[in-house]
Asks: 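Below is a structure I'd like to ask you about.
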Amino acid sequence: MQQHCTKSSEPLKSLIIYIFLLIPICLYSQKKDCTCTLKGVVHDQEKHLPIVGAVLYLKGTSISTFTDAKGVYQFDKLCQGEYILVCKALSFDVTELKINLQDVHNQDIDLLNDDEHLQEVVVSSQKTSIANKTVLSGKNLEETRGQSLGEALKNISGVTTLQTGSFVQKPVINGMHSNRVIILNNGIRQEGQQWGSEHAPEIDPFVAKKLTVIKGVAGLRYGSDAIGGMVMVEPENLPDSAKIHGEINLVGFSNGLQRVGSGIIEGGLKGIQGLGWRVQGTYKRGGNVSTATYNLVNTGIQERNFSVGIGLNKIHFGTELFYSYFDTQIGVFTGSHIGNIQDLQRAISIGKPADAYTPTQYSEVIDRPNQDVSHHLLKLKTFLNSERLGKLTFVGAYQYNWRLEYDIPRGNRSLNTLNFKLDTYSAELILDHLPIAQLLNGSAGLNIQYQQNLSSSFELTKPLISTTLLPNYQTFNLGLFINERYVSHDWEGEFGLRYDLRNLEAYSLKIGGILQQNRFDFSNFSGALGAKYHHTENWESNLNFGLVWRSPSVNELFTDGIHHGSASYEKGDLNLVPEVAQNVSIGSTYRSKKLSFEINAYLKNIQNFIYLKPRIQNDTLRSVLTVRGAFPAFDYTQVDAQFWGVDLTLIYGISERLDFTSKLSFVRTKDTRNNLFMVNIPSDRIDNSLQYNFKKRNAYISFNHQFIAQQNRVEANCDFLAPPDAYNLFSIRSGLTFKHLSLGLTVSNLFNISYREYLNRFRYFTDDMGRNISIRVNYKF
Amino acid sequence: MKKSIILVAILGICFSGCKKDEPAPAQDNEFISTMKLTFTEGANKLVYSVKDLDGDGGKPPVIDVIKLLPNKTYVLTTEFLDETKSPAVNLTSEIEAESAEHLVVFESSSANLLAVTRTDKDSRNFEVGLKASAKTNAAANGTLKVTLRHQPEVGGKPTKNGTASIGSTDFEGTFTVEIK
C-alpha cells in the first residue's frame with residue numbers, strides 16, 4: 001500500500017486531502033499483471049469548468065483518487081474487468097458509472113467528447129444548491145407523462161395545484177401560487193398571465209428530463225418574487241455526438257379518451273464536434289371528462305407543442321439557440337358559466353349539474369366558453385470560459401404569450417371576453433467567477449426585462465375598451481445579484497444579495513372613454529443566507545434564511561369589476577406597496593439503502609401580503625349591486641400573513657423487493673393583522689404507497705392511497721360553500737421495460753370515488769374526475 | 001436529417017399559422033346598461049327602468065318605483081338597451097331574434113301583488129317574456145324582480161326548457177312596486 005496523494009499548498013485542497021486520509025480511501029492497491037489505466041477530467045456539466053478535488057473511487061475496492069487543479073484524475077495499474085466508478089464532489093450529486101476496463105485505457109475523458117467515449121465513461125455532476133429542492137425524474141417522471149405540468153408536480157410533497165376543472169392546474173408550493181412562484185422553462189422565467197388563478201403554465205412537460213421544485217427562497221438570480229418557491233423545467237443537455245437518438249412517447253387515458261403523442265429526435269453533425277440539435281413535438285387531444293357518475297360537457301382539450309434546439313458546445317465557449325411553441329385550446333365546462341350570485345347558488349344547491357350539462361354521449365367538440373392560449377419562447381445562450389475570470393454567460397430571450405378567453409356571446413358575433421397579448425424581452429449577463437482565495441465560489445450578474453401587455457388593444461398608449469382585469473401596461477425591470485458559496489468538507493455556506501428596480505406604466509380607459517395613465521416605481525433589496533451540514537456521507541441538514549419582496553402585480557392594482565368565473569366583484573388598489581417576506585426553513589435529508597427521508601419545515605412571515613379579502617362589515621359579506629344582481633365584494637388588501645408547515649417524504653425498504661413510501665404535508669396560515677384564516681390554502685394530505693419490484697425487466701407495481709383532509713381552517717361567511725369533505729383516493733401504478741421499450745399502466749381513482757377538491761374552483765359546480773386508466777408506451781432509440 | 005428539420009419547421013409554421021384570427025376589440029359583448037318595462041293600459045302608458053350607466057361597481061344602478069293602479073290588466077313589454085353608447089343601442093331585437101335562447105323571468109313578492117303572464121312564444125313553443133300581461137289586484141306594496149336568462153345551446157343542442165334554472169343571468173333588476 002502506498003500513499004498516492006500529492007502534496008498541495010492550497011489550504012482547501014490540503015483540507016480535502018486531510019479528510020480523505022482520515023477515511024483511508026485515498027489509497028490504491030497494487031497487484032501483479034495489472035496494467036490498465038483509467039483517467040479523465042471531471043467537468044461541471046452546466047458550466048464546463050473543471051471540478052477540483054472530486055473524489056473518485058472504484059466501488060467495492062479501496063482504490064480511489066481525486067481530481068487535481070485541472071480536474072484531472074488518474075488510476076494506474078488497474079486489473080482488467082468491470083468496475084463501478086463513483087464520482088463524488090462536495091455540493092455535487094454522486095455519479096456512478098459502469099466501466100468495462102479491457103486494456104490500457106489511456107485517454108482523457110471529457111464530457112464533450114465523442115459518443116464512443118461517452119458510452120464508456122460520462123463523468124458529470126450537477127451543482128446542487130443549499131436550498132431545499134426536490135427532483136422529479138426517471139421513473140417518477142415517466143409515470144406522469146401525458147399529464148399537465150401541475151399534475152406532474154403534485155408528486156412532490158408540499159406541492160398541490162390550484163385547479164379550474166381537470167386540465168387547468170397551477171402549481172401551489174407550500175400554499176403559495178401564481179405570482180409567488182417562479183417557473184423556469186429551460187432556464188427562462190416563464191412570462192404568461194401568471195396572476196390568474198385559471199391560467200395554467202404554458203409549458204409542455206415532455207420537454208423536461210427533470211422537474212425540480214425549490215421550496216423557499218431560491219435563485220435570487222431569477223428574481224426576488226419567488227416567495228413560495230420555484231419550479232424548474234429542465235431539458236437534457238443537447239447531444240454531443242453525431243449519432244441520431246430519439247424517443248417516442250404514446251399515452252392514452254380512458255377518461256375523456258385523451259391521446260397524447262410526443263417525440264424527440266436529436267443528434268449532431270459529423271465533422272463538427274460539439275454541435276448538437278434536438279427537435280421535439282407533442283400532440284394532445286381529448287374529449288369530455290367524466291366524473292364518477294356523469295360526463296361534463298365541453299371539457300375537451302387540445303395541445304400542439306414543439307421545440308427545436310441547436311447548440312455548439314466547446315470547453316471554452318458555447319452557444320445555444322432554443323425555440324419552443326405551445327398552443328392549447330381548453331374547453332371550460334359550460335355548467336360553470338354563471339351570470340350572477342343566484343346562478344352560483346343555484347348551481348351549488350342542485351349538486352349534480354343539470355342534464356343539459358352532463359350529456360351521456362362522448363364528444364370532443366371544444367365549444368364556448370373556452371381558453372385559447374399560445375406561447376412562444378426564443379432563447380439564445382452563449383458562454384465563454386475565461387481562465388482568468390471564470391465563465392461568462394449571456395442569455396437573451398423573447399416570449400410572446402397570447403391568451404384568448406371566449407365567453408358565450410349573444411348572437412353569432414365573434415367576440416371574445418378576454419384578449420391579452422404579452423411580449424417579454426429579457427437579457428442577463430452572469431459571471432461564474434473562479435474561486436476567490438480558494439474559498440469562495442459564486443456568481444454575479446445583471447438581469448434586464450421589458451414587458452408589454454395589450455388588453456384587447458393594438459397599441460400600448462391607446463387602449464380601445466375599458467377592461468375590468470388588466471389595462472395596457474409596460475414594465476421595466478432591472479436586477480443585480482451576487483451569490484457566493486463556501487464549501488468545506490462537511491459545511492457549506494451560501495449567501496446571496498439582489499437589488500431590483502421596477503417601473504410600471506399603465507394605460508387604461510375608464511367608462512366614458514377617459515384615458516388614465518398611472519406610473520409606479522418600486523425598488524428593494526433581497527437577501528438569502530444558507531448553511532448545510534453533512535453529518536455523515538448519507539445525512540445532511542440545511543438551514544436557510546431569506547428576505548424577499550414582490551411588488552404588486554398589475555391586476556392587484558387595477559382590477560375593478562365582476563370576475564365572472566367566481567361571481568364576485570373584485571377591486572384593486574392603486575396604493576398597494578410591495579410585500580416583504582421573511583423565510584426561515586430547516587431541512588434534513590437522509591439516504592441509505594434501507595431508509596431514506598427528507599423533511600422540510602418552514603416559517604414565512606409576510607408583511608403587507610397582498611390578498612383578495614372579502615369585504616366584511618359588521619360581520620356580513622358586503623355586496624355590490626350591478627345590472628346582473630348583487631355580487632359579493634372582494635378587495636385587494638394588504639395584511640400580515642404567516643405561513644408555516646412541514647413536508648415529509650419517507651421511503652422504507654421493507655424487504656429487498658418491497659418499498660414503502662409515505663409523503664405528508666401540511667401548511668398553516670393566518671392573517672395575523674386581523675387574526676383570520678386565509679382562503680384557498682391546501683388542506684392536510686398524506687400519501688402512502690407500497691411498491692413491489694420484480695426481479696426482471698425493471699418491472700414494478702405499486703398501490704397508492706391518498707388521504708386529503710377537509711380544510712376546516714376557514715372563516716365563516718367568506719365563501720359561498722363550505723370546503724368539501726375529506727376524501728380518500730386509491731391508485732395503481734405499474735411499469736415494465738424491454739430493452740428500448742418501456743410500458744406503463746396506471747389506474748387513478750381506482751374505486752371511482754365522487755369527490756371534490758377544495759382547491760378546484762369547479763368544486764361549486766361538479767365533482768372531480770372519476771376513474772382514469774392510462775397506458776404509456778415509451779420507445780427510445 | 002436536414003429534411004426532417006425542414007419538415008418540422010414547416011409543420012411549426014403551419015401550427016402557428018393555424019391560429020385563429022384575432023378578434024376585433026369590443027366592449028363586453030353582453031353589456032346591457034338599461035332594462036325598460038312599459039306598462040300599457042288603453043291610452044295609459046307607464047315606463048319604468050333599471051339603469052346603471054357607469055358599469056359595475058361605482059354608483060349603484062338607478063331603479064324606478066313601479067306605480068300601478070289596482071285591479072287592472074296591463075300589457076307589459078320589456079326592452080334592453082345599452083345606453084352607455086351614443087346613440088343608445090337597443091338590444092331587444094337581438095334578443096328577440098334569439099328568443100329560443102332567452103327567457104325573461106318575473107317574480108313578484110306575492111302573487112296577489114302583480115301576476116305577470118308571458119304572452120310570446122319562441123320557435124319551440126316555449127315562452128319568451130319580452131311581451132307579457134300584468135294583472136294587479138287590491139292596493140298593496142311589494143317588489144318585482146325581473147331577470148333575463150340566457151340559455152344558449154350546449155354542444156349544438158338547445159337547452160331552453162321553459163324553466164329559469166338553465167343558463168346564466170344577463171340582467172337582473174328588482175323594482176319596488178306600489179299598487180294604489
Side-chain angles (χ1 to χ4, degrees), chain A residues 244 265 267 277 279 281 297-298 304 306 308 323 325 327 334 337-340 342-343 346 350 354 356-357 359 363 365 367-368 372 374 376 402 404 406-411 413-417 419 421 456-458 464-466 468 511-512 560-562 569 571 624-629 631, chain B residues 1 4-5 8-9 11-12 15-16 18-35 50-58 60-61 84 91 94-95 97-98 101-102 147 149-159 161 164-174:
Chain A
I244 291 195
I265 310 176
W277 56 266
V279 177
V297 76
N298 198 38
R304 292 171 292 185
F306 76 92
V308 287
Y323 170 76
Y325 176 68
D327 181 314
T334 320
H337 184 266
I338 47 176
N340 66 5
Q342 278 76 28
D343 289 356
R346 190 180 289 117
I350 57 170
Y357 305 132
S363 165
V365 177
D367 214 328
R368 289 170 181 232
D372 185 347
S374 58
H376 301 256
W402 187 14
L404 295 166
Y406 292 93
D407 206 339
I408 300 173
R410 184 182 306 109
R413 288 181 292 173
S414 181
L415 298 180
N416 64 291
T417 310
N419 176 6
K421 289 173 287 182
S456 296
S457 179
F458 303 108
L464 296 170
I465 61 168
S466 55
T468 53
I511 283 202
D560 183 6
I562 302 300
Y569 172 77
K571 182 97 176 71
V624 164
L625 191 65
T626 75
V627 295
R628 293 195 198 189
F631 288 85
Chain B
M1 183 205 71
S4 68
I5 295 178
V8 170
L11 221 63
F15 275 165
S16 328
C18 295
K19 195 83 187 168
K20 290 178 204 85
D21 292 333
E22 182 173 358
Q27 201 64 53
D28 189 345
N29 55 16
E30 297 189 0
F31 194 76
I32 303 172
S33 71
T34 310
M35 173 168 70
V50 177
K51 244 183 234 191
D52 191 4
L53 299 181
D54 68 347
D56 297 337
T84 60
L91 300 158
E94 201 170 282
I95 295 166
E98 273 187 17
E101 293 187 358
H102 285 93
T147 313
R149 300 285 293 166
H150 187 196
Q151 307 176 323
E153 294 183 346
V154 171
K157 287 188 199 128
T159 56
N161 60 6
S165 64
I166 296 289
S168 59
T169 297
D170 272 359
F171 198 98
E172 184 191 290
T174 305

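These figures come from a predicted structure and were not determined experimentally. Just so it is clear: chains get the letters A, B, ... in the order the sequence lines come, proteins before strands, and each one is counted from 1.
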Asks: Find the distance between CZ (B/F171) and CD1 (B/I32) and round it off to the nearest 0.5 Å.
Replies: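 The CZ atom of B/F171 sits 6.5 Å away from the CD1 atom of B/I32.
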Asks: Using non-hydrogen atoms only, which part of A/K421 is less than 4.5 Å away from chain B: side chain, backbone, both, or neither?
Replies: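 The answer is the side chain of A/K421.
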Asks: Look at the side chain of B/T147 and the backbone N and O of B/E172, then say whether any donor-acceptor pair between them is shorter than 3.5 Å.
Replies: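 Not a single qualifying donor-acceptor pair exists.
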Asks: Under 4.5 Å from any heavy atom of chain B, what part of A/N298 do you find: side chain, backbone, both or neither?
Replies: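 For A/N298, there is no contact with chain B at all, as no heavy atom is under 4.5 Å.
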Asks: Just give me the residue among B/G167, B/A97, B/P60, B/S33 that pairs up with chain A most often, heavy atom to heavy atom, under 4.5 Å.
Replies: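 Max contact count across the listed options: B/G167.
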Asks: Please identify each residue that fulfils side chain to side chain donor-acceptor pair (under 3.5 Å) with B/T34, with sequence neighbours left out.
Replies: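 Counting only residues at least two positions away or on another chain, B/T34 forms a side chain to side chain donor-acceptor pair (under 3.5 Å) with B/E83.
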Asks: So which part of B/D52 gets closer than 4.5 Å to some heavy atom of chain A, the side chain, the backbone, both or neither?
Replies: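 B/D52 touches chain A through backbone and side-chain heavy atoms alike.
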Asks: Who passes salt bridge (Lys or Arg N to Asp or Glu O under 4.0 Å) against A/D343, sequence neighbours left out?
Replies: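 Result, salt bridge (Lys or Arg N to Asp or Glu O under 4.0 Å) vs A/D343: A/R346, B/R149.
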Asks: Between B/D170 (side chain only) and B/H150 (backbone N and O only), is there a donor and an acceptor less than 3.5 Å apart?
Replies: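 No: the side chain of B/D170 does not pair with the backbone of B/H150.
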Asks: Mind ranking A/T334, A/V627, A/L625 by heavy-atom pairs under 4.5 Å with chain B and telling me who comes out on top?
Replies: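 Top count of heavy-atom pairs under 4.5 Å with chain B: A/V627.
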